[in-house]
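Predicted model, so just to flag it, every value in this text is computed and none were measured. Naming convention: chains lettered A, B, ... in sequence-line order (proteins, then strands); numbering from 1 in each chain.
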There are 2 protein chains.
Amino acid sequence: MDKKKIVFRRLKDEGFKITPQRAAIIDFLLDNGNHPSAEEIYKGIKTEYPMVSFSTVYNTLRVLERIGFIKSLNITENRVNFDPETYPHHHLYCERCGRIVDVQLDADISLLKNNTVKVNSYRIYLYGICLDCLRKEREKTV
Amino acid sequence: MDKKKIVFRRLKDEGFKITPQRAAIIDFLLDNGNHPSAEEIYKGIKTEYPMVSFSTVYNTLRVLERIGFIKSLNITENRVNFDPETYPHHHLYCERCGRIVDVQLDADISLLKNNTVKVNSYRIYLYGICLDCLRKEREKTV
DNA sequence: CTGTATGCAAAGGTTTTGCATCGGG
DNA sequence: CCCGATGCAAAACCTTTGCATACAG
(Lines give C-alpha, C1' and ligand atoms only; values in the text may rest on other atoms or scores of the structure.)
Protein backbone atom coordinates (compact mmCIF):
# COMPACT_ATOMS: atom_id res chain seq x y z
CA MET A 1 0.00 0.00 0.00
CA ASP A 2 1.38 3.37 -1.05
CA LYS A 3 -0.53 5.53 1.37
CA LYS A 4 1.43 3.90 4.14
CA LYS A 5 4.75 5.12 2.76
CA ILE A 6 3.39 8.63 2.56
CA VAL A 7 2.36 8.54 6.20
CA PHE A 8 5.73 7.14 7.24
CA ARG A 9 7.54 9.87 5.39
CA ARG A 10 5.37 12.53 6.92
CA LEU A 11 6.03 11.13 10.37
CA LYS A 12 9.77 11.27 9.75
CA ASP A 13 9.60 14.75 8.32
CA GLU A 14 7.80 15.98 11.40
CA GLY A 15 10.36 14.40 13.67
CA PHE A 16 8.28 11.51 14.95
CA LYS A 17 9.72 8.04 15.36
CA ILE A 18 8.35 5.10 13.50
CA THR A 19 7.74 2.34 15.98
CA PRO A 20 6.21 -1.10 15.42
CA GLN A 21 3.18 0.01 17.45
CA ARG A 22 2.63 3.05 15.29
CA ALA A 23 3.02 0.98 12.15
CA ALA A 24 0.42 -1.47 13.43
CA ILE A 25 -2.04 1.32 14.17
CA ILE A 26 -1.52 2.85 10.74
CA ASP A 27 -2.01 -0.54 9.10
CA PHE A 28 -5.19 -1.10 11.03
CA LEU A 29 -6.57 2.29 10.05
CA LEU A 30 -5.75 1.78 6.39
CA ASP A 31 -6.97 -1.82 6.11
CA ASN A 32 -10.03 -1.48 8.25
CA GLY A 33 -11.85 1.00 6.08
CA ASN A 34 -14.30 2.22 8.68
CA HIS A 35 -14.10 4.62 11.59
CA PRO A 36 -12.82 2.89 14.68
CA SER A 37 -12.72 4.27 18.18
CA ALA A 38 -9.55 4.12 20.22
CA GLU A 39 -10.81 0.98 21.91
CA GLU A 40 -11.58 -0.74 18.63
CA ILE A 41 -8.09 0.03 17.40
CA TYR A 42 -6.59 -1.25 20.61
CA LYS A 43 -8.51 -4.51 20.47
CA GLY A 44 -8.05 -4.90 16.74
CA ILE A 45 -4.29 -4.71 17.05
CA LYS A 46 -3.94 -6.56 20.33
CA THR A 47 -4.91 -9.96 18.93
CA GLU A 48 -2.04 -10.28 16.50
CA TYR A 49 0.16 -7.76 18.17
CA PRO A 50 -0.04 -7.98 21.94
CA MET A 51 2.60 -5.42 22.86
CA VAL A 52 0.41 -2.37 22.59
CA SER A 53 -1.00 -0.31 25.40
CA PHE A 54 -3.88 2.11 25.55
CA SER A 55 -1.67 5.09 26.17
CA THR A 56 0.32 4.29 23.07
CA VAL A 57 -2.85 4.09 21.01
CA TYR A 58 -4.02 7.47 22.25
CA ASN A 59 -0.59 9.00 21.85
CA THR A 60 -0.30 7.71 18.30
CA LEU A 61 -3.76 8.89 17.36
CA ARG A 62 -2.90 12.36 18.55
CA VAL A 63 0.29 12.27 16.50
CA LEU A 64 -1.50 11.01 13.40
CA GLU A 65 -4.06 13.74 13.80
CA ARG A 66 -1.35 16.35 14.10
CA ILE A 67 0.30 15.31 10.84
CA GLY A 68 -3.07 15.32 9.13
CA PHE A 69 -3.41 11.63 8.41
CA ILE A 70 -6.56 11.17 10.45
CA LYS A 71 -9.45 13.33 11.60
CA SER A 72 -11.44 12.83 14.74
CA LEU A 73 -15.21 12.50 14.60
CA ASN A 74 -17.58 13.57 17.35
CA ILE A 75 -20.56 12.17 15.53
CA THR A 76 -21.67 10.10 18.52
CA GLU A 77 -21.85 11.15 22.15
CA ASN A 78 -19.03 10.43 24.55
CA ARG A 79 -16.79 8.58 22.20
CA VAL A 80 -14.39 9.79 19.56
CA ASN A 81 -14.02 7.94 16.29
CA PHE A 82 -11.11 8.31 13.90
CA ASP A 83 -11.23 8.66 10.17
CA PRO A 84 -8.25 8.01 7.90
CA GLU A 85 -8.40 10.92 5.50
CA THR A 86 -8.19 9.49 2.03
CA TYR A 87 -10.60 11.50 -0.07
CA PRO A 88 -12.95 14.41 0.64
CA HIS A 89 -16.14 13.17 2.25
CA HIS A 90 -18.52 13.56 5.14
CA HIS A 91 -20.20 11.09 7.45
CA LEU A 92 -23.54 9.60 8.26
CA TYR A 93 -24.30 7.94 11.56
CA CYS A 94 -26.73 5.09 11.00
CA GLU A 95 -29.36 5.26 13.71
CA ARG A 96 -30.23 1.63 13.01
CA CYS A 97 -26.92 -0.23 13.13
CA GLY A 98 -24.71 2.40 14.74
CA ARG A 99 -22.11 2.40 12.02
CA ILE A 100 -20.50 5.50 10.60
CA VAL A 101 -20.45 5.50 6.82
CA ASP A 102 -18.76 7.80 4.34
CA VAL A 103 -21.01 10.07 2.36
CA GLN A 104 -20.17 12.44 -0.45
CA LEU A 105 -22.02 15.70 -0.33
CA ASP A 106 -22.51 18.79 -2.35
CA ALA A 107 -22.23 21.28 0.47
CA ASP A 108 -22.65 24.94 -0.17
CA ILE A 109 -22.27 26.76 3.10
CA SER A 110 -21.98 30.49 3.53
CA LEU A 111 -22.27 32.77 6.50
CA LEU A 112 -25.18 35.15 6.54
CA LYS A 113 -24.10 38.78 6.38
CA ASN A 114 -24.12 39.61 10.07
CA ASN A 115 -21.91 36.71 11.11
CA THR A 116 -18.52 38.27 11.45
CA VAL A 117 -16.57 35.24 12.55
CA LYS A 118 -13.57 33.54 11.03
CA VAL A 119 -14.16 29.98 9.93
CA ASN A 120 -11.13 27.72 9.73
CA SER A 121 -12.91 24.42 9.17
CA TYR A 122 -16.27 22.81 9.48
CA ARG A 123 -17.83 19.42 9.95
CA ILE A 124 -21.10 18.07 8.70
CA TYR A 125 -22.62 15.08 10.46
CA LEU A 126 -25.63 13.35 8.98
CA TYR A 127 -27.96 11.13 10.97
CA GLY A 128 -30.24 8.62 9.33
CA ILE A 129 -30.20 5.13 7.83
CA CYS A 130 -27.36 3.59 5.88
CA LEU A 131 -27.71 1.69 2.60
CA ASP A 132 -27.39 -1.75 4.18
CA CYS A 133 -30.15 -1.10 6.68
CA LEU A 134 -32.37 0.38 3.97
CA ARG A 135 -31.94 -2.83 1.95
CA LYS A 136 -32.81 -5.03 4.90
CA GLU A 137 -35.91 -2.92 5.51
CA ARG A 138 -37.03 -3.36 1.92
CA GLU A 139 -36.56 -7.13 2.06
CA LYS A 140 -38.70 -7.30 5.17
CA THR A 141 -41.64 -5.41 3.73
CA VAL A 142 -41.65 -7.50 0.56
CA MET B 1 -40.53 35.38 29.84
CA ASP B 2 -42.98 33.76 27.53
CA LYS B 3 -40.81 30.95 26.25
CA LYS B 4 -40.86 29.53 29.73
CA LYS B 5 -44.61 29.13 29.74
CA ILE B 6 -44.45 27.31 26.46
CA VAL B 7 -41.91 24.85 27.84
CA PHE B 8 -43.97 24.30 30.96
CA ARG B 9 -47.04 23.60 28.92
CA ARG B 10 -45.18 21.18 26.73
CA LEU B 11 -43.86 19.37 29.77
CA LYS B 12 -47.37 19.02 31.14
CA ASP B 13 -48.78 17.89 27.82
CA GLU B 14 -46.17 15.17 27.61
CA GLY B 15 -46.95 13.99 31.12
CA PHE B 16 -43.83 15.29 32.86
CA LYS B 17 -44.02 16.91 36.25
CA ILE B 18 -42.89 20.46 36.82
CA THR B 19 -40.55 20.47 39.77
CA PRO B 20 -38.59 23.38 41.23
CA GLN B 21 -35.38 21.78 40.00
CA ARG B 22 -36.67 21.53 36.47
CA ALA B 23 -37.87 25.12 36.59
CA ALA B 24 -34.44 26.25 37.75
CA ILE B 25 -32.73 24.39 34.92
CA ILE B 26 -35.10 25.86 32.36
CA ASP B 27 -34.55 29.35 33.79
CA PHE B 28 -30.82 28.90 33.63
CA LEU B 29 -30.94 27.72 30.03
CA LEU B 30 -33.15 30.61 28.97
CA ASP B 31 -31.33 33.36 30.86
CA ASN B 32 -27.84 32.17 30.22
CA GLY B 33 -27.90 32.58 26.49
CA ASN B 34 -24.97 30.33 25.70
CA HIS B 35 -24.46 26.60 25.50
CA PRO B 36 -23.71 25.15 28.90
CA SER B 37 -22.57 21.66 29.67
CA ALA B 38 -24.32 19.60 32.32
CA GLU B 39 -21.68 20.59 34.82
CA GLU B 40 -22.05 24.28 34.08
CA ILE B 41 -25.78 24.02 34.58
CA TYR B 42 -25.30 22.14 37.82
CA LYS B 43 -22.85 24.70 39.19
CA GLY B 44 -24.84 27.64 37.87
CA ILE B 45 -27.96 26.55 39.66
CA LYS B 46 -26.29 25.21 42.79
CA THR B 47 -25.22 28.60 44.11
CA GLU B 48 -28.67 30.08 44.50
CA TYR B 49 -30.47 26.79 44.56
CA PRO B 50 -28.57 24.14 46.50
CA MET B 51 -31.08 21.32 46.33
CA VAL B 52 -30.09 20.00 42.95
CA SER B 53 -28.16 16.88 42.16
CA PHE B 54 -26.26 15.78 39.11
CA SER B 55 -28.64 12.99 38.32
CA THR B 56 -31.53 15.43 38.30
CA VAL B 57 -29.68 17.70 35.91
CA TYR B 58 -28.99 14.85 33.53
CA ASN B 59 -32.49 13.49 33.87
CA THR B 60 -34.00 16.89 33.17
CA LEU B 61 -31.76 17.52 30.19
CA ARG B 62 -32.87 14.24 28.68
CA VAL B 63 -36.49 15.21 29.25
CA LEU B 64 -35.99 18.67 27.77
CA GLU B 65 -34.34 17.12 24.75
CA ARG B 66 -37.20 14.69 24.32
CA ILE B 67 -39.78 17.47 24.25
CA GLY B 68 -37.67 19.40 21.76
CA PHE B 69 -36.77 22.36 23.93
CA ILE B 70 -33.04 21.76 23.76
CA LYS B 71 -30.62 20.08 21.40
CA SER B 72 -27.35 18.47 22.37
CA LEU B 73 -24.11 19.56 20.74
CA ASN B 74 -21.09 17.35 20.20
CA ILE B 75 -19.01 20.22 18.93
CA THR B 76 -16.21 19.56 21.42
CA GLU B 77 -14.65 16.24 22.34
CA ASN B 78 -15.92 14.23 25.26
CA ARG B 79 -18.37 16.74 26.57
CA VAL B 80 -21.93 17.43 25.57
CA ASN B 81 -23.25 20.97 25.46
CA PHE B 82 -26.88 21.94 25.41
CA ASP B 83 -28.55 24.50 23.24
CA PRO B 84 -31.98 26.00 24.00
CA GLU B 85 -33.65 25.93 20.62
CA THR B 86 -35.06 29.35 20.00
CA TYR B 87 -34.44 30.10 16.35
CA PRO B 88 -32.81 28.22 13.48
CA HIS B 89 -29.04 28.48 13.68
CA HIS B 90 -25.79 26.58 13.71
CA HIS B 91 -22.70 26.81 15.88
CA LEU B 92 -19.10 27.88 15.81
CA TYR B 93 -16.57 26.66 18.31
CA CYS B 94 -14.04 29.40 18.98
CA GLU B 95 -10.60 27.85 18.99
CA ARG B 96 -9.29 30.86 20.88
CA CYS B 97 -11.63 31.26 23.84
CA GLY B 98 -13.43 27.92 23.75
CA ARG B 99 -16.89 29.40 23.61
CA ILE B 100 -19.67 28.11 21.41
CA VAL B 101 -21.42 30.90 19.55
CA ASP B 102 -24.54 30.90 17.42
CA VAL B 103 -24.08 31.39 13.71
CA GLN B 104 -26.64 31.77 10.97
CA LEU B 105 -25.79 29.96 7.78
CA ASP B 106 -27.01 29.55 4.29
CA ALA B 107 -26.51 25.83 4.01
CA ASP B 108 -27.30 24.03 0.82
CA ILE B 109 -26.52 20.38 1.29
CA SER B 110 -27.38 17.58 -1.10
CA LEU B 111 -26.25 14.02 -1.45
CA LEU B 112 -24.23 13.16 -4.49
CA LYS B 113 -26.03 10.72 -6.79
CA ASN B 114 -24.46 7.49 -5.55
CA ASN B 115 -25.24 8.07 -1.90
CA THR B 116 -28.34 6.02 -1.32
CA VAL B 117 -28.83 6.70 2.35
CA LYS B 118 -31.76 8.17 4.21
CA VAL B 119 -30.98 11.39 6.03
CA ASN B 120 -33.18 12.26 8.98
CA SER B 121 -31.22 15.20 10.33
CA TYR B 122 -27.84 16.81 10.14
CA ARG B 123 -25.55 19.01 12.12
CA ILE B 124 -23.02 21.56 10.99
CA TYR B 125 -20.22 22.54 13.33
CA LEU B 126 -17.89 25.38 12.46
CA TYR B 127 -14.45 25.83 13.98
CA GLY B 128 -12.64 29.14 13.96
CA ILE B 129 -12.52 32.46 15.77
CA CYS B 130 -15.48 34.29 17.26
CA LEU B 131 -16.20 38.00 16.87
CA ASP B 132 -14.93 38.95 20.31
CA CYS B 133 -11.59 37.27 19.77
CA LEU B 134 -11.26 38.82 16.32
CA ARG B 135 -11.79 42.25 17.85
CA LYS B 136 -9.15 41.64 20.52
CA GLU B 137 -6.73 40.51 17.85
CA ARG B 138 -7.30 43.67 15.86
CA GLU B 139 -6.72 45.90 18.88
CA LYS B 140 -3.43 44.15 19.55
CA THR B 141 -2.02 44.61 16.09
CA VAL B 142 -2.90 48.32 16.05
C1' DC C 1 -52.62 8.88 47.42
C1' DT C 2 -49.80 7.22 43.55
C1' DG C 3 -46.16 7.13 40.78
C1' DT C 4 -42.77 10.03 39.05
C1' DA C 5 -38.73 12.83 40.38
C1' DT C 6 -35.10 13.53 43.50
C1' DG C 7 -30.55 12.95 46.01
C1' DC C 8 -26.80 10.35 47.11
C1' DA C 9 -23.16 7.54 46.29
C1' DA C 10 -21.30 4.16 43.68
C1' DA C 11 -20.35 2.26 39.19
C1' DG C 12 -19.39 2.59 34.21
C1' DG C 13 -16.94 4.04 30.24
C1' DT C 14 -13.51 6.82 27.96
C1' DT C 15 -9.34 9.35 28.00
C1' DT C 16 -5.23 11.26 30.36
C1' DT C 17 -1.24 11.19 33.29
C1' DG C 18 3.14 9.89 35.91
C1' DC C 19 6.97 7.39 35.88
C1' DA C 20 10.34 3.88 35.08
C1' DT C 21 12.03 1.36 31.16
C1' DC C 22 12.81 0.50 26.30
C1' DG C 23 14.53 1.16 21.80
C1' DG C 24 14.54 3.95 17.22
C1' DG C 25 17.47 7.09 14.78
C1' DC D 1 23.89 7.09 23.08
C1' DC D 2 20.03 10.11 23.82
C1' DC D 3 15.56 11.51 23.88
C1' DG D 4 11.32 10.36 22.55
C1' DA D 5 8.04 6.35 22.82
C1' DT D 6 6.18 2.64 25.46
C1' DG D 7 3.61 0.02 29.13
C1' DC D 8 1.39 -0.18 33.28
C1' DA D 9 -1.61 1.29 36.61
C1' DA D 10 -3.77 4.85 38.68
C1' DA D 11 -6.28 9.00 38.20
C1' DA D 12 -9.33 12.18 35.98
C1' DC D 13 -13.42 13.15 33.76
C1' DC D 14 -18.12 12.81 32.25
C1' DT D 15 -22.34 10.32 32.52
C1' DT D 16 -25.39 6.64 34.14
C1' DT D 17 -27.51 3.70 37.56
C1' DG D 18 -29.78 1.72 41.87
C1' DC D 19 -32.36 2.55 45.56
C1' DA D 20 -34.73 4.76 49.36
C1' DT D 21 -37.21 9.00 50.09
C1' DA D 22 -39.82 13.16 48.80
C1' DC D 23 -43.35 15.54 46.53
C1' DA D 24 -46.24 17.11 42.25
C1' DG D 25 -50.63 16.30 40.41
To the nearest 0.5 Å, what is the distance between CZ (A:Arg135) and CD1 (A:Ile129)?
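Here the rounded value is 14.5 Å.
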About how many Å separate CG of B:Leu111 and CD of A:Gln104, when rounded to the nearest 0.5 Å?
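Those atoms lie 10.5 Å apart.
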Is a side-chain donor-acceptor pair under 3.5 Å present for [Y] with [X]?
{"X": "B:Tyr125", "Y": "A:Asn74", "result": "no"}
{"X": "B:Asp83", "Y": "B:His89", "result": "yes"}
{"X": "B:Thr60", "Y": "B:Gln21", "result": "no"}

Tell me: [atom1] of [X] to [atom2] of [N], nearest whole Å?
{"X": "A:Leu11", "N": "C:dG25", "atom1": "CG", "atom2": "P", "answer": "10 Å"}
{"X": "B:Glu40", "N": "D:dC13", "atom1": "CD", "atom2": "P", "answer": "14 Å"}
{"X": "A:Asn74", "N": "D:dC14", "atom1": "CG", "atom2": "C1'", "answer": "14 Å"}
{"X": "A:Asn59", "N": "C:dT14", "atom1": "CG", "atom2": "P", "answer": "20 Å"}
{"X": "B:Tyr49", "N": "C:dG7", "atom1": "OH", "atom2": "C1'", "answer": "13 Å"}

Would you confirm whether B:Tyr49, through its side chain, and B:Ile25, through its main-chain N or O, come within 3.5 Å as a donor-acceptor pair?
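No, the answer is negative, given that no donor and acceptor are paired below the 3.5 Å cut-off.
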For the backbone of A:Ser37 and the side chain of A:Arg79, can you confirm whether one donor and one acceptor N or O come within less than 3.5 Å of each other?
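No, A:Arg79 side chain to A:Ser37 backbone: no donor-acceptor pair under 3.5 Å.
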Residue-level proximity of residues 12-22 of chain B to DNA chain C when a heavy atom falls under 4.0 Å:
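Within residues 12-22 of chain B, the residues near DNA chain C are B:Phe16, B:Lys17, B:Thr19, B:Gln21, B:Arg22.
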Determine whether A:Arg22 and A:Leu64 make a side-chain contact, defined as any pair of heavy atoms from C-beta on separated by less than 4.5 Å.
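Result no, sub-4.5 Å side-chain heavy-atom pair not found.
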Is the closest side-chain heavy-atom distance between B:Val119 and B:Ile109 below 4.5 Å?
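With C-beta onward as the side chain, the pair stays apart.
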Over 60° means perpendicular and under 30° means parallel, so classify the ring planes of A:Tyr122 and A:His90, tilted if in between.
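Correct class here is parallel.
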Does C:dC8 have OP1 or OP2 under 4.0 Å away from a side-chain N or O of B:Ser53?
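No, outside the criterion.
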Please list each protein N or O that sits under 3.5 Å from an N or O in nucleotides 15-18 of chain D, with the distance.
unit_1: D:dT15; atom_1: OP1; unit_2: B:Val80; atom_2: N; d: 3.1
unit_1: D:dT15; atom_1: OP2; unit_2: B:Tyr58; atom_2: OH; d: 2.6
unit_1: D:dT15; atom_1: O5'; unit_2: B:Tyr58; atom_2: OH; d: 3.1

Residues in contact with DNA chain D, drawn from residues 63-73 of chain A - heavy-atom cutoff 4.0 Å
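Hits under 4.0 Å, by residue number: none.
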Treating Ile, Leu, Val, Met, Phe, Trp and Tyr as nodes and any side-chain heavy-atom pair under 4.5 angstrom as an edge, say whether B:Tyr127 and B:Leu131 lie in one connected cluster.
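No, B:Tyr127 and B:Leu131 fall in different hydrophobic clusters.
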